Amino acid sequence: MATLGELKAELEPFKNTLVIDDFDTVVRLVDVIDGEDDYYWVYDSRKGIYHSSCVGGWIPLKGFIQQEKYERMVCIWNLNNIEKAV
């Protein structure tokens, strides 16, 4: 099992970017937190902030899809959400 520090290091390059969560949904990656019994990824979705166990994971989009397509996704996200993605 990874430590909180290792998870934060994994998250850092992708913080506030759009990712695909373990439920195949495009979300904004916000943070990772220490729960009482597990570590949790913190995501922002169209329905608000939610936590998901770090047993699951996420797939980064920035740097893995064409830059133009990623920027279009960010533009659409930012038009439809209060908290902005980068």
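All of these numbers come straight from a predicted model, not from anything done at the bench.
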Item to check | Residue pairs, two or more places apart or on separate chains, that pass salt bridge (charged side-chain N to carboxylate O under 4.0 Å, His left out) and touch residues 70-85 | outcome: none
Checklist entry - Is V30 reachable from W77 through a run of I, L, V, M, F, W or Y residues, each pair having side-chain heavy atoms under 4.5 Å apart? => result no
Next on the checklist: Just so I know, are the side chains of Y43 and L29 near enough to count as touching, which here means a heavy-atom distance under 4.5 Å?
Outcome noted: yes
Item to check | Heavy-atom pair with the smallest gap, counting every atom of L4 and I33 | outcome: CD1-C, 4.2 Å
Checklist outcome for this item: To the nearest 0.5 Å, atom CG of L7 lies from atom CG of D34 at 10.0 Å
Item to check | Criterion ring-ring contact (aromatic ring centres under 6.0 Å, His included) against W41, the qualifying member of Y50, W58, F23, F14 | outcome: W58
Next on the checklist: Could you report the tightest heavy-atom contact between C54 and D38, atom names first, then the distance?
Outcome noted: N-OD2, 4.4 Å
Checklist entry - Under the salt bridge (charged side-chain N to carboxylate O under 4.0 Å, His left out) test, which residues partner D31, sequence neighbours left out? => result K8
Item to check | Residue pair Y39 / A2: nearest heavy atoms and the distance that separates them | outcome: CE1-O, 3.3 Å
Checklist entry - Of the non-hydrogen atoms in K15 and V86, which two are nearest, and what is the gap between them? => result O-CG2, 4.0 Å
Item to check | For A85 against V74, the heavy-atom pair lying closest together | outcome: O-CG1, 3.6 Å
Checklist entry - Any link between F64 and V19 through a network of hydrophobic side chains (Ile, Leu, Val, Met, Phe, Trp, Tyr) touching at under 4.5 Å? => result yes
Checklist entry - At what distance, to the nearest 0.5 angstrom, does CG of L61 lie from OG1 of T17? => result 7.5 Å
Next on the checklist: Using the rule that Ile, Leu, Val, Met, Phe, Trp and Tyr join whenever any side-chain heavy atoms are under 4.5 Å apart, tell me whether V26 and I76 fall into a single cluster.
Outcome noted: no
Checklist entry - Tell me the salt bridge (charged side-chain N to carboxylate O under 4.0 Å, His left out) pairs involving residues 16-29, sequence neighbours left out? => result R28-D44
Next on the checklist: Looking at every heavy atom in both V32 and L11, which two are closest together, and how far apart are they?
Outcome noted: N-CD1, 4.1 Å
Checklist entry - Does a sphere of radius 6.0 Å around CD in Q66 hold more than 12 heavy atoms from other residues, nucleotides or ligands, not counting ones at 6.0 Å or beyond? => result no
Item to check | Y70 side chain vs L18 backbone, donor-acceptor pair below 3.5 Å | outcome: yes
